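Note: hydrogens, waters and symmetry copies are ignored here, and every other heavy atom, side chains too, is used. Residue numbering restarts at 1 for every chain, and letters A, B, ... go by the order of the sequence lines. Since the structure is predicted, the reported quantities are computational estimates derived from the model, not experimental observations.
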Amino acid sequence: MRLAFVSAGRILRQLRNDPRTIGLMLVVPLVLIGLMAWIYHEQPVIFDHVGPALLGVFPLTVMFIVTSITTLRERQSGTLERLLTTPLSKGAFMSGYALAFGVVALVQALLASAWSVWVCGMSIRGAWWQLVIVAVVDAVLGTSLGLLASGFARSEFQAVQFMPAFILPQFLLCGLFVSRDALPTGLKQLSDVLPLSYAVDAMNTLATRVDGGSDVARDLGILIGFSVLALVGGALTLRRRTV
Amino acid sequence: MVLPDLSVRIPRGRVTGLLGPSGGGKSTLIRAIVGVQIVESGTISVLGEPAGSPQLRRRVGYVTQAPSVYDDLSIRENINYFARLVGASADDVDWAVDQVGLGDHAGQRVANLSGGQLSRTSLACALVGRPEALVLDEPTVGLDPVLRRSLWTLFHQLADAGTTLLVSSHVMDEASRCDRLLLLREGRILADGSFDELLRRTNTHDAEAAFLALIDAEDAAQRQEGTS
């Protein structure tokens, strides 16, 4: 496990050397949320519905893209092959990514929720710190899914295409456009097995209810479950021996 | 099959050169030795353990053919990361940086390095753990003669201190720098011995001529087999 922290440190150091990427990861969600608030300037009720859902969408999407590209690079540059000849285990390699991007997610969540509430005027009834926890778990899930997806990409071109393939369907079915209960039969069931639905559910609960703690905890549990599944799946795509 | 019926022993504490044309199976053999190649059949034992076993991960250093380091880190940050993975100290990092002659550039971002500096950074990342065996896939390719000479001097210093080295190259001139040679062509060992033995056996004066003589002899033997 110590080596997972060593790897997380290395990944964060790489990010620190790339301020433009940090800027994009942290600022783009703020710009988009701000844009939404502006669009619905005359209908704050709609923004109160859309805003929290977006806070569930961004961490997962951003971390998914960043992770799938960076781990694909590790596979292609030979650094992964080399790492697998060192004492670093596959689990520690993947945990290193989850840890490092979890830290970035924490900063992103703090910025995005502060921005949404204080600048864009989004109203939240639940506890503020719970919102941050959901965002961090959501981001770790995005990282885990990105690690899994990168195992199936042969080029960065393909990895980028996984965003619309993996994430957009979840985005359409997460309850942002039509509430999940109002989805036609079949689609409702489909949205029940997609991880993003639970991130958005949790954010909606926090936005609309004071006493939603236990529902949020259940959604968090489901998100963590998806994360573990994705990490296990990802570990299976990491092969020490290849042809 | 890339390497049919291959059987070799690589002596400890010596520099063994794995030479031969590109596509001859050098990288496959090297990857099998460090345990990242799927091996269909056969056994490979490294320092008394099966190739790729967890006990070897601290004892064997591997440098891939393409320099496998992180572009967006400095030389020192790269070496430091690999050092921490194998439990090496900060002194080992300084030592590794010095060994490959990158002391003056250690703070530079890898993305801005020349090809030679890049491959030396990659080498230092393997050196830093002071492994008992170093497996290097074409570490001197594309380097200028002065650098090549200094790296071969380093390889022999390491061997004198007890490290076992296996160094691949497709540049035949490097044969004279190895304690022992393996010539690999189309997955088969053409020669296995010292450089002097090779020259005597083929009655030639340089590595390239010796290698060509061996290939001609083999092709002739095959033709004869085909006609009889």
K.L.:
Given heavy-atom pairs under 4.5 angstrom as the criterion, report whether the side chain, backbone, both or neither of Pro67(B) touches chain A.
P.N.:
backbone
K.L.:
For chain B, which residues of residues 27-35 of chain A have at least one non-hydrogen atom nearer than 4.5 Å to it?
P.N.:
none
K.L.:
Under 4.5 Å, heavy atom to heavy atom: which of residues 132-154 of chain A reach chain B? Give them by number, or say none.
P.N.:
none
K.L.:
Could I get the full list of ring pair (Phe, Tyr, Trp, His ring centres under 6.0 Å) partners for Phe226(A), not counting sequence neighbours?
P.N.:
none
K.L.:
Extract the chain A to chain B donor-acceptor pairs under 3.5 Å, no hydrogen or angle test applied.
P.N.:
residue	atom	partner	partner atom	Å
Arg2(A)	NH2	Arg84(B)	O	3.4
Ser7(A)	OG	Tyr81(B)	OH	2.7
Arg10(A)	NH2	Tyr70(B)	OH	3.2
Arg10(A)	NH2	Tyr81(B)	OH	3.4
Gln14(A)	NE2	Asp72(B)	OD1	2.8
Asn17(A)	O	Arg109(B)	NH1	3.3
Asn17(A)	ND2	Asp72(B)	O	2.7
Asn17(A)	ND2	Glu77(B)	OE1	3.2
Glu74(A)	OE1	Tyr70(B)	OH	2.7
Glu74(A)	OE2	Tyr70(B)	OH	3.4
Glu81(A)	OE1	Arg31(B)	NE	3.3
Glu81(A)	OE1	Arg31(B)	NH2	2.9
Glu81(A)	OE2	Arg31(B)	NE	3.1
Glu81(A)	OE2	Tyr62(B)	OH	2.7
Arg82(A)	NH1	Ser68(B)	O	3.1
Arg82(A)	NH1	Ser68(B)	OG	3.3
Arg82(A)	NH1	Ser122(B)	O	3.4
Arg82(A)	NH1	Ser122(B)	OG	2.9
Arg82(A)	NH2	Ser122(B)	O	2.5
Arg241(A)	NH1	Gln37(B)	O	2.9
Arg241(A)	NH2	Ala51(B)	O	3.0
Thr242(A)	N	Val36(B)	O	2.8
Thr242(A)	O	Ile38(B)	N	2.9
Thr242(A)	OG1	Arg31(B)	NH2	2.8

